[in-house]
Participant: 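Following this message is one structure expressed as structure tokens.
The analysis underlying the following values was restricted to heavy atoms, covering all of them including side chains, and did not include hydrogens, waters or symmetry mates.
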Amino acid sequence: MLHLVLPRERKEPLKLLCLGAHADDIEIGCGGTVLRLAAEIPDLIVRWVVFSGEGLRGREAKKSAAAFLENIPNPQIEVLGFRDGYFPFNGADIKDCFEVLKRDFHPSLVLTHWQGDAHQDHRLIADLTHNTFRDHLVLEYEIPKYDGDLGNPNFFVQMTQAQLRRKIETIDRYFVSQHGRGWFSEETFLAIARLRGIGCNAEEGFAEAFYGRKIVF
């Protein structure tokens, strides 16, 4: 399989925009990819936006994001207060946030939710991502959950075992409020990483998977 490699020499720094509906979505969906980019792209610029996170959940989200981005100078981390589960009913206000993002930040790569996700909040963020960043490279990550909506992604990012371990340990350390949930377990995160590793014949057996709606070669 021919691998796509980001060029090391660029006219300007690579700018990464990470979008998540809820606290922990970015970490679960693409945390390993973020760790890889942070390790391999020395001039990486990151903006990290969580749309729903208040109180304890908001504090967890900020601490976790800071841990994932600890090697990135001056990352922009934002945790907003939109109501969990009600995004479609707050669509205009969330759309306004995207318009501000479009004016303030010009990403090279956007990591966002999958448009086929069964969760209404996730779908809205995905729809607004494509509506706002029409000429950008957008990769849509997946979230394992009760709905059973996992599909057949077509873009893979391999992880080393060390990167996967760091991803899982960081999620577990900072999202203590989720420890009682049946899906929130090391086995869940290992399982999906192993399945996606099989799907791309990953060197160390693990990967994260995305949907690339439009990519120009």
Participant: Do H119 and H113 have a side chain donor and acceptor closer than 3.5 Å?
Facilitator: no

Participant: Tell me whether V46 is reachable from V50 by hopping between hydrophobic residues (I, L, V, M, F, W, Y) whose side-chain heavy atoms are closer than 4.5 Å.
Facilitator: yes

Participant: Out of curiosity, does F206 fall in the hydrophobic cluster containing I198 (side-chain heavy atoms, cut-off under 4.5 Å, transitive links)?
Facilitator: no

Participant: Here's a test for you: under side chain to side chain contact (heavy atoms under 4.5 Å, CB included), which of D127, T129, L124, V138 qualifies with Q115?
Facilitator: D127

Participant: Atom CG in L17, atom NE2 in H106: separation rounded to 0.5 Å?
Facilitator: 12.0 Å

Participant: Kindly check if the number of other-residue, nucleotide or ligand heavy atoms within 6.0 Å of CD (Q120) is above 12?
Facilitator: yes

Participant: Once side-chain hydrogen bond (donor to acceptor under 3.5 Å, both in side chains) is applied, do any residues pair with E70, and if so which ones, sequence neighbours excluded?
Facilitator: R166

Participant: Can you confirm if the NZ or CZ of R83 lies within 45° of the ring axis of Y86 and under 6.0 Å from the centre of its six-membered ring?
Facilitator: yes

Participant: Do E140 and T112 get their side chains close enough for a donor-acceptor pair, meaning under 3.5 Å?
Facilitator: no

Participant: Are T170 and E27 linked by a side-chain donor-acceptor pair shorter than 3.5 Å?
Facilitator: no

Participant: Please name the pair of heavy atoms, one in G212 and one in L139, separated by the smallest distance, quoted to 0.1 Å.
Facilitator: CA-CD2, 4.2 Å

Participant: So, T33 versus E208: side-chain donor-acceptor pair below 3.5 Å or not?
Facilitator: yes

Participant: Tell me whether the count of non-hydrogen atoms from other residues, nucleotides or ligands lying under 6.0 Å of NZ in K145 goes above 12.
Facilitator: yes

Participant: For the CG atom on N152, are there more than 12 heavy atoms of other groups (residues, nucleotides or ligands in this structure) within a distance under 6.0 Å?
Facilitator: no

Participant: Going by the rule ring-ring contact (aromatic ring centres under 6.0 Å, His included), which residues pair with H3 if we only count those two or more places apart in sequence or in a different chain?
Facilitator: none

Participant: Transitive ILVMFWY cluster of L195 at side-chain heavy atoms under 4.5 Å: who else is in it?
Facilitator: none

Participant: How far apart are the C-alpha atoms of F82 and F89, what are their side-chain angles, what is the distance that settles it, and do they pass the ring pair (Phe, Tyr, Trp, His ring centres under 6.0 Å) test?
Facilitator: CA-CA 10 Å; F82 290 102; F89 306 101; over 10 Å; no

